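Since the structure comes first, as C-alpha cells, the remarks are kept for the end.
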Amino acid sequence: MRSGLWIFGYGSLVWRPAFPYRERHAAAIDGWERRFYQGSPDHRGVPARPGRVVTLLPAPGRRCVGVIYRVDDDDVDETLRALDVREQGGYDRVFVDALRTEGGEVVSALLYRATPENPNYLGPASIEVIASRVLESVGPSGPNVEYVLRLAEALRAIDADDPHVYELERVVRSRLSGSRA
Ligand code: SIN
C-alpha cells in the first residue's frame with residue numbers, strides 16, 4: 001500500500017491540479033455522471049452572472065472518467081487547505097472508490113462534489129442554454145470558455161467517453177467560429 005492521499009479530479013482538476021503529486025493516472029468512478037450544472041460565481045463568472053462548471057450527479061450504471069493524483073503525506077495538509085479554498089463555491093469532500101483504467105487497481109480517493117442543495121447550483125438546462133452562459137461568462141480564473149475547451153481536450157487525451165462535455169464543446173466551438181451549432 002503506497003502512502004499519501006489519492007485525489008480524483010473530473011473538472012478543472014483534470015487539467016489544472018495546481019498541487020504537487022507523485023502519480024497521475026486516468027481513473028473511473030462508477031455510478032456518477034459529470035454535468036455542467038454548477039454555478040461558478042468565484043472562478044468562471046461573477047456573483048451577478050455565474051459561469052457554468054461541472055459537478056457529479058448520482059447515475060446508477062454510468063461511469064465517469066477523470067484523473068487520480070497521489071499526493072505525498074507531507075503535502076496533504078497544504079493541498080487540502082488550498083483545495084478547500086478553491087472549491088469553496090459549493091463543493092463538499094467525498095471519498096469514492098476509483099478504478100485505474102489501466103491496470104485495474106482500485107483506490108479510495110477524495111473528490112469535491114457540489115450537490116443540488118448548495119446555493120450556487122444552477123441545475124439542468126439544454127446544451128444550447130449552457131453554451132450561451134459559457135460564452136458570456138468570465139471570472140477571476142478566466143473565461144468560462146477556457147474551462148470547457150480545456151476540459152474537453154484533457155478528457156479526450158485520456159480516452160474519456162463523455163457526450164455531454166463533447167457536445168457542449170462542439171456547440172461552443174461552432175458559435176465561436178460564427179457558424180450555426
Ligand atoms: C474537479 O475538478 O474535480 C472539481 C470541480 C472543478 O474544480 O472543476
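Numbers here simply count residues along the sequence, with the first being 1. Given the structure is predicted, the values throughout are model-derived calculations rather than measurements. Just follow the structure's listing: the first ligand is 1, and inside any ligand the first atom is 1. The figures that follow rest on heavy atoms only: side chains count, while hydrogens, waters and symmetry mates do not.
Of all protein heavy atoms, the one closest to atom 1 (C) of ligand 1 is Gly11 N, 3.4 Å. Nearest protein heavy-atom contact of atom 8 (O) of ligand 1 is Tyr147 OH, 2.5 Å. When hydrogens are left out, the protein atom nearest atom 3 (O) of ligand 1 is Tyr10 N, 3.0 Å; that is the closest non-hydrogen contact. Closest to atom 6 (C) of ligand 1 among all protein heavy atoms lies Ser12 OG, 3.3 Å.
Between Thr55 and Tyr112 there is no side-chain heavy-atom pair separated by less than 4.5 Å. Side chains of Leu5 and Thr79 form no contact here, defined as non-hydrogen atoms less than 4.5 Å apart.
With Cys64 as reference, Leu56 is the one residue of Asp30, Leu57, Leu56 to meet the side-chain contact (heavy atoms from CB on, under 4.5 Å) rule. With respect to Ser12, the side chain to side chain donor-acceptor pair (under 3.5 Å) criterion is satisfied by exactly one of Arg86, Arg150, His43: Arg86. Partner of Val67 under the side-chain contact (heavy atoms from CB on, under 4.5 Å) criterion, chosen from Thr101, Val14, Ile7: Val14.
A donor-acceptor contact shorter than 3.5 Å links the side chain of Arg34 to the backbone of Val65.
Those atoms of ligand 1 that come under 4.0 Å of a heavy atom in Gly9, given as number and element, are 3 (O).
Considering backbone and side-chain N/O of Val54, none are found under 3.5 Å from N/O of ligand 1.
Residue contacts with ligand 1 for Glu87 involve side-chain atoms from C-beta outward but no N, CA, C or O (heavy atoms, distance under 4.0 Å).
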